[in-house]
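One structure below.
Every number for a ligand or one of its atoms is a count from 1 in the order of the listing. Atom set for the values below is all heavy atoms of this structure, side chains included, hydrogens, waters and symmetry mates excluded.
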Amino acid sequence: MAEAGAAVTLRRDGELLLASIAHPPVNALSHAVRAGLMAALDAARADPAIRALILSGAGKNFSAGADVREFGQPFKAPELGEVVERTEAFGKPVIAALHGNALGGGLELALACHFRIALAGTRLALPEVRLGIIPGAGGTQRLPRLIGAAAALGVIAEARELSAAEALKLGLVDECVPDDLEGAAMRFARRLFAEGRPIRRTGQISPGPVDEALFAEAQRGVSRRQRGFKAPPEAIRAVRLAHELPLKEGLARELEICMALLNGEQSRAQRHAFAAEREIARIPGLPPDTQLRPLARAAVIGCGVMGRGIAMALAGAGIAVSLTGRSLAAAREVHAAIGKSYESAVTRGALTAAQGAERLGLIVAAEEDRAAGDADLVIEAISEDPEAKQALFARLGARCRPGAILASNTSFLDLRALAAASGRPADVAGLHFFNPAHLMRLVEVVRTTDTAPEVVASLLGLARRMGKIPVLVGAKEGFVANRMLARRSREALFLIEEGALPEEVDRALVNFGFPIGPFAVQDLGGLDVVLATRRARFGTLTERERQADLLEQLVAAGRLGQKSAAGWYRYDAERRAQPDPEVAALIARHAARRGIVRRAITESEITERCLYAMINEGARLLEEGIVPRAQEIDVIWLHGFGFPAYRGGPMFHADLTGLRQVLDGLTKYRGSVGDEYFSPAPLIERLAQAGHGFYGP
Ligand code: 3H9
């Protein structure tokens with residue numbers, strides 16, 4: 001039958017017209033799709049023999065929503081709102097047949113259909129707040145009418161995703177079927193005719209009065225969980241309008257709010273983050289069809305906190321893991337602890353009992369020699385001792401079968417030395433996980449100049465199988481994450497020597513949008529652990545950094561952080577942090593001894609010094625080719641250290657600030673802190689001169 005434009009195909013089955021969105025990769029509602037949907041409505045109206053229209057999606061999804069690539073330019077008519085309005089007003093029943101993802105504008109279109117059927121496994125969501133906007137095609141007005149404000153607020157303001165089963169329970173879908181979606185939709189339509197059921201328009205449902213307590217609770221929820229983000233409170237405001245205004249006015253206000261947010265900096269930053277995550281999957285020089293090595297069996301050497309988390313991450317992806325420790329008994333103990341951790345995940349409802357048992361069954365405690373001999377992939381996660389690691393890589397090089405990948409979880413040691421020790425450098429790469437490894441999504445995949453392309457491709461694929469976001473980086477001291485973090489930590493330390501207090505530095509960075517400040521985070525991890533890292537890197541520190549030995553002093557005083565109820569802060573029985581006058585006194589004595597005259601330091605100086613030091617290092621990483629693009633750096637900071645998504649990552653934030661201003665700041669602090677800390681990276685100088693940013697003019 002006739003095509004309604006290439007992006008929406010039409011087929012007729014008796015008195016039914018079936019329109020299918022066919023716009024790969026995700027059926028985004030681009031201009032061609034919107035025009036195609038209008039043509040489908042025209043076709044259904046023009047033919048008196050057609051009694052109902054069924055809307056579905058071809059491929060893996062119903063629709064991922066509005067085409068984000070069209071954002072930032074004027075929308076070409078017909079706009080999505082127009083398509084949605086016309087669908088709801090249509091005189092013949094329109095039935096949405098949903099599968100895969102029905103997201104954003106895709107779900108809004110479905111909400112305007114008169115009935116909805118979903119295949120089991122469909123994911124329904126309005127994730128607009130993740131892009132810094134609110135739904136703009138009726139989602140905030142129709143969803144509360146259909147399922148009530150209580151459920152709608154979670155979906156709209158917190159991007160809570162619904163399964164098909166949940167959607168059925170809430171009345172968002174009328175039927176959920178295990179298979180044969182199209183057949184079910186056609187039978188549904190014919191039942192409508194037989195029963196003479198009238199069209200049900202979501203927009204005509206009365207939304208009921210505002211429940212003040214519910215809205216107040218929703219507001220508290222977003223200010224706690226999404227602090228600093230502008231879209232979630234606006235989403236709540238829009239849902240409230242559904243209860244206060246007639247549909248038409250509510251829709252107009254919703255669109256107004258959506259557009260204002262879309263043109264704001266937060267949405268630009270969040271859309272940048274979305275695009276950057278996808279962009280970094282395209283690796284220059286690594287063809288997508290690079291041969292992969294089989295990765296069915298892994299060995300994790302070292303069963304400390306990291307080794308344990310890595311084993312759990314692998315098991316979660318269905319990979320068999322041999323876990324080794326200093327002794328078989330130690331590995332067995334950790335295996336038992338992993339069992340306990342799965343048990344508690346089952347109790348919390350995070351895993352089913354079967355999933356917990358399956359994962360635990362995939363992990364076995366083993367001896368190194370045996371584990372390494374069997375493995376397709378070995379991940380080393382022993383303590384950061386260069387000699388021990390080199391000796392291990394020499395053993396692995398000799399013991400592992402040809403083609404096995406040898407990976408190190410080192411966070412800053414020289415990977416090239418490990419590669420050389422193995423005698424098979426093409427097989428060696430880094431897999432730098434973040435703690436806790438089974439939960440944190442970021443993984444730095446580190447390659448040396450010798451790492452084979454298929455090793456890189458296999459590890460990127462493996463990380464994705466584990467649900468992680470892998471970022472490929474080059475092998476040089478601290479890679480990206482820790483090298484930049486070290487610059488921020490250095491400035492934090494200098495700032496407290498010069499006059500700030502730990503709580504002031506933490507407050508400045510939390511106000512900027514980080515979930516936690518650098519000193520509180522050290523207390524959480526344990527100051528003895530942080531000190532061990534400092535000692536391991538002592539040789540790379542400057543003289544001033546070496547003399548800034550506050551960590552040594554705290555640890556010597558038994559202040560190990562939260563675990564000893566005292567670190568940079570002191571902690572009460574509920575582990576609430578309190579600024580500690582003893583720490584302030586210790587810092588003052590230290591500064592006096594070092595001849596530093598303490599002064600009042602403003603919040604903006606704290607924020608600038610911490611951020612500019614990072615951005616400057618990021619520019620150097622680009623110059624050195626450790627990463628090919630600024631996107632890699634932004635993704636690492638967004639997912640590794642809680643950089644606020646609404647600022648898009650440090651490099652995007654630098655562009656928003658303006659590189660000229662960043663350069664001026666660097667120059668100013670170079671004068672006050674010193675050349676070796678704040679000499680501007682030549683890349684920043686060049687870009688600022690040209691009036692460009694890291695992301696272009
Ligand atoms: C909205 O609807 C606003 C309205 O309320 C009102 C407007 C007025 N547009 O993630 P993947 C691309 S806002 C354009 O790797 P997966 C993506 O860039 C929208 N392109 O696959 C990638 O392209 P490439 C609300 C899109 O299987 C390719 O598709 N909706 C869009 O892991 C594959 O993507 C959302 O926020 C889009 N909307 O995951 C949903 N979505 O290969 C955002 C994806 O060239 N999307 N692409 O880099 C997603 O959550 C995931 O992409 C999805 C698929 C779950 C759909």
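- For ligand 1, the polar-atom distance check finds no N/O of Ile133 at less than 3.5 Å from any of the ligand's N/O atoms.
- For Phe90, there are no ring-ring contact (aromatic ring centres under 6.0 Å, His included) partners at least two apart in sequence or on another chain.
- Considering backbone and side-chain N/O atoms, Gly136 comes within less than 3.5 Å of an N/O atom of ligand 1.
- Residue Asn101 has no N or O atom closer than 3.5 Å to an N or O atom of ligand 1.
- Between Ala28 and ligand 1, no pair of N/O atoms sits closer than 3.5 Å.
- Distances between N or O atoms of Arg123 and those of ligand 1 include no value under 3.5 Å.
- In this structure Phe188 satisfies the ring-ring contact (aromatic ring centres under 6.0 Å, His included) test together with Phe115, sequence neighbours excluded.
- From the protein, the heavy atom lying nearest to atom 38 (N) of ligand 1 is Ala66 O, 2.9 Å.
- Taking the six-membered ring for Trp, Phe434 and His432 have ring centres closer than 6.0 Å.
- Distances between N or O atoms of Val68 and those of ligand 1 include at least one value under 3.5 Å.
- The N/O atoms of Arg69, backbone and side chain alike, include none that comes under 3.5 Å of an N/O atom in ligand 1.
- Both cation-pi conditions hold for Arg647 and Phe512: the charged atom is under 6.0 angstrom from the six-membered ring centre and inside a 45 degree cone around its axis.
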